[in-house]
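Reckoned from all heavy atoms, side chains included, excluding hydrogens, waters and symmetry mates. Order of the sequence lines sets the chain letters (A, B, ...), proteins ahead of strands, with each chain counted from 1.
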Amino acid sequence: MASPFSRWANYRRESVSDESVELGTNGLEQEKARRLGSLDALRAQGTNPYPYRFDRSHTLGEIRNEFGALEAGSETDTHVTVAGRILLKRDQGKLIFATLQDRETSIQLFVSKAIVGDDTFDAINNLDLGDWVGATGIVMTTRKGELSIKVDSVVLLSKAVRPLPDKWHGLTDTDTRYRQRYADLIGNEESRRMFAVRHAVIASFRRTLHERGFIEVETPVLHVEPGGAHARPFVTHHNALDMTLYLRIALELHLKRLIVGGMERVFEIGRVFRNEGISTRHNPEFTMMELYQAFADYTDIMDLTEVLFVNAANDATGSSTVLIDDLPVDLAKPWRRVRMIDLVKEATGVEVHPSQPREQLVALAEKHGVKVLPHFGPGKIIEELFEATCEAALREPTFVTGHPVEISPLARVDRNDPYLTERFELFVGGRELANAYSELNDPVEQRLRFEDEQKSKEAGNAEAGSVDEDFLRAMEYGMPPTGGLGIGMDRLVMLIGNAQSIRDVILFPTLRLEAF
RNA sequence: GCGCCUUUAGCUCAGCUGGUAGAGCAACGGACUCUUAAUCCGCAGGUCCUGGGUUCGAUCCCCAGAGGGCGCACCA
């Protein structure tokens, strides 16, 4: 036979029957063998267990909306066709109650042998938990008031050959939940909620930014020169061009090129990659939102950041109040704005400033158990002191401003203090969520800053950047005064969704190789 | 990378000083026309993470390794 399908027909017949002989060594294999056996039986009686398409008249949510108030024991004349996955079955002899779940909600199927007849009743009885079905029937409520569909026919939409996780507990093993997110999503309402929050937060950002005239763009993921942040990159290679490429560690340098090009307000929500440790707050690939606004400075960006956060919380949860360390905090109240050097003074009782002699700061650092590496200058030591003595205590949203020039190679010098920059980092719950500057737009100064980075790199700082000549060329064409912002979207979703681990807000987090 | 904890049936979990394993759910057989994690009766299901060692005997003790979690370190 020339039919292109014959091969698969044969494959199907052989593989199923072969396996059903060889399987059966453990519980899972036995269960799969049984379900594969019922696949064969269905095909033998002319039922396709994997049909191509299905039309439904209502989603389960639409039925709940329309008929949620129906009195107990009533029956409508509304005939509906729905689709979903069988999650639970309660067999009553001549009645079957089944819980059908679609992506919004679940609804009960009410199947009576007297209505559907023996054959259909048996077919429904032979469905397994996990099967996808389409069902047609009348909307009704049971005597106890449960909204149900009184079924007159059911069609199998996809046969599940692997059993569902525990119907009550779902999956709890974190490893399995992350590796088999599909199984986690089937059974865990909380997991589905978290990704709904994630969607809402990102959609909210787009809405807020579009309303303010920002244009969404996409810039390269493969970079010739990884820049815009201090981090170790992933390295890869392009064969045809025979060149080393790096996965981006930030979005910054390309977006600023677009400001040079005159786009005025741009943003990108995209994946960035950092070849560093994994923790409850770090995943090697994570989602960053960066925006650049011409003619703005970092104080404008602070205002915008507050709006973005409040809108996102409202859109995702209906409230601007979030839980931070289990305590409610209303994001809608103005956030504290305080200089890094003032926070360090509060914490240590000692005045610090990058203009001080390095030895003084080294002594203070040692007093607070901060390790000082040879390539650390005064500014870096102040930042280390800040991280050691202040960062964890910043529970409520706080704009930490005035980072030393040494650690801020892309930020503009503070108009009142040549040792500091017009920069802020936003801390919430002791975690950094955002980073922003009045962007440096003087090409001559930018070159000097890059050269300092290069020197630091040569002095042993593996995270320091180098001179990006193309970026400097862009700056030479002239970038207007600009405010820029970067937000770690995963951490923001953690905040709004009250997640304890970044893995709970990333559908498929990075894990070690699984042994099969 | 370091420390602590953890890994037992498909899923969720028990398992005493060391005497070769149990429950609930799911599955299977049966009863049941209003259940809600249905209930009831019955039955089946195991590389106790892996490899060594101690022991008459190891799921249990020791060593090494693997996976996972948390913390530290790393990480603007």
Side-chain angles (χ1 to χ4, degrees), chain A residues 24-35 37-38 72-73 87-99 106-115 121 128-130 140-148 150 161-180 183-184 186-187 228-232 249-250 274-284 286 340 371 379-380 383-384 386-387 391 400 403-404 406-411 423-427 431-437 462-465 486 488 500-501 503 511-515:
Chain A
T25 53
N26 63 40
L28 175 61
E29 294 304 311
Q30 280 174 16
E31 175 64 3
K32 283 169 71 176
R34 187 188 64 75
R35 293 187 183 215
S38 68
L87 276 196
L88 297 170
K89 240 170 39 174
R90 295 175 290 279
D91 177 5
Q92 274 297 301
K94 289 173 181 153
L95 277 184
I96 300 168
F97 300 92
T99 303
S106 59
I107 227 163
Q108 177 169 270
L109 300 182
F110 177 99
V111 186
S112 161
K113 196 168 198 168
I115 294 172
F121 192 82
D128 288 305
L129 301 190
M140 61 162 289
T141 50
T142 61
R143 285 175 207 161
K144 296 217 174 121
E146 180 76 26
L147 185 62
S148 307
K150 185 183 268 187
V161 298
R162 182 181 284 266
L164 253 28
D166 190 281
K167 68 179 180 185
W168 182 244
H169 301 93
L171 285 174
T172 61
D173 181 67
T174 47
D175 182 38
T176 313
R177 286 185 50 228
Y178 298 145
R179 286 189 196 278
Q180 301 186 32
D184 178 44
I186 293 169
H230 287 161
R232 290 167 204 250
I249 58 175
R274 296 186 181 178
N275 204 340
E276 285 158 358
I278 295 178
S279 76
T280 50
R281 294 168 295 276
H282 300 88
N283 196 64
F286 61 101
M340 180 181 280
K371 219 193 309 175
K380 177 66 177 168
E383 186 196 31
E384 293 283 327
F386 162 76
E387 287 180 3
E391 191 177 296
V400 176
H403 298 57
E406 176 191 339
I407 57 165
S408 311
L410 299 161
R423 174 178 178 182
F424 72 78
E425 285 179 307
L426 170 65
F427 287 87
R431 286 196 279 260
E432 184 204 339
L433 262 70
N435 182 27
Y437 327 125
E463 284 137 19
Q500 304 310 306
S501 169
R503 289 173 189 153
L511 300 170
R512 255 174 242 268
L513 199 61
E514 181 179 11

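- Residue-level contact check: A:Q92 touches the bases, meaning some heavy atom is under 4.0 Å from a base atom.
- For A:Q108, whose side chain is taken as the heavy atoms from C-beta onward, the closest listed nucleotide among B:rU33, B:rU36, B:rC32 is B:rU36.
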Per-nucleotide protein contact string for nucleotides 3-14 of chain B, where B marks a base within reach and S marks sugar-phosphate only (heavy atoms under 4.0 Å, - for neither): -------SBSS-
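- Distance A:I278 CD1 to B:rC2 C1': 17 Å, rounded to the nearest Å.
- Although no hydrogens or angles enter the test, the distance criterion places a donor-acceptor pair under 3.5 Å between the side chain of A:E406 and the main chain of A:K380.
- Note that CZ of A:F110 is 11.0 Å distant from CD1 of A:I96, once rounded to the nearest 0.5 Å.
- A:R503 comes within contact range of the sugar-phosphate backbone alone, with a heavy-atom separation under 4.0 Å but no base atom that close.
- Backbone-only contact: A:E31 has heavy atoms under 4.0 Å from sugar-phosphate atoms and none from a base.
- Straight-line distance from the CD atom of A:E146 to the C1' atom of B:rA38: 13 Å, rounded to whole Å.
- By the salt bridge (charged side-chain N to carboxylate O under 4.0 Å, His left out) test, A:R274 is found to be paired with no residue, residues two or more places apart in sequence or in another chain being considered.
- In plain terms, the two heavy atoms of A:D184 and A:L171 that are nearest each other are N-CD1, 3.7 Å.
- Between the P atom of B:rU33 and the NZ atom of A:K150 lies a distance of 16 Å, rounded to the nearest Å.
- For B:rU20, the base adopts the syn conformation, since its glycosidic angle falls within 90 degrees of zero.
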Under the side chain to side chain donor-acceptor pair (under 3.5 Å) criterion, do A:R35 and A:Q30 qualify, and how do the steps go? CA-CA 9 Å; A:R35 293 187 183 215; A:Q30 280 174 16; over 6 Å; no
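- In this structure a side-chain-to-backbone donor-acceptor pair under 3.5 Å is missing from A:E31 to A:R162.
- The distance between atom CZ of A:R90 and atom C1' of B:rU36, rounded to the nearest whole Å, is 4 Å.
- A:R281 places its CZ atom 14 Å from the C1' atom of B:rG69, with the value rounded to the nearest Å.
- Counting non-hydrogen atoms under 4.0 angstrom, A:L88 reaches the backbone sugars and phosphates but no base.
- Counting any heavy atom pair closer than 4.0 Å across all strands shown, A:R143 reaches a base atom.
- The residue A:T99 sits apart from the nucleic acid: no heavy atom pair falls under 4.0 Å.
- Listed nucleotides B:rC34, B:rG67, B:rC28 differ in distance to A:F110; the shortest reach to its side chain belongs to B:rC34.
- At the heavy-atom level, A:L129 lies under 4.0 Å from the strands shown only through sugar-phosphate atoms.
- Put simply, CZ on A:F427 and CD on A:E391 are 4.0 Å apart, with the number rounded to the nearest 0.5 Å.
- As rounded to whole Å, 15 Å separates atom C1' of B:rC74 from atom CG of A:N283.
- Closest to the side chain of A:Q30, out of B:rC70, B:rA44, B:rU33, is B:rA44.
- Checking B:rC34, B:rC28, B:rC70 against the side-chain heavy atoms of A:L95 singles out B:rC34 as nearest.
- Under the 3.5 Å distance criterion, the side-chain polar atoms of A:S148 are left unmatched by any main-chain donor or acceptor of A:K150.
- As a whole-Å value, the separation of A:W168 CH2 from B:rA23 C1' is 18 Å.
- No engagement by A:P284 is indicated, since no non-hydrogen atom pair under 4.0 Å with the nucleic acid exists.
- A donor-acceptor distance shorter than 3.5 angstrom exists from the side chain of A:T141 to the backbone of A:G73, with no hydrogens or angles considered.
- In this structure, the CG atom of A:D91 is 15 Å from the C1' atom of B:rA26, given to the nearest Å.
- Contact annotation for A:A229: base contact, defined as any heavy-atom pair under 4.0 Å involving a base atom.
- Comparing atom distances between the A:T174 side chain and each of B:rG45, B:rU33, B:rG68 picks out B:rG68 as nearest.
- With pairs defined as Watson-Crick or G-U wobble and both atom distances under 3.5 Å, the stems of at least three pairs that touch RNA chain B come out as B:1-7 with B:66-72, B:10-13 with B:22-25, B:28-31 with B:39-42, B:49-53 with B:61-65.
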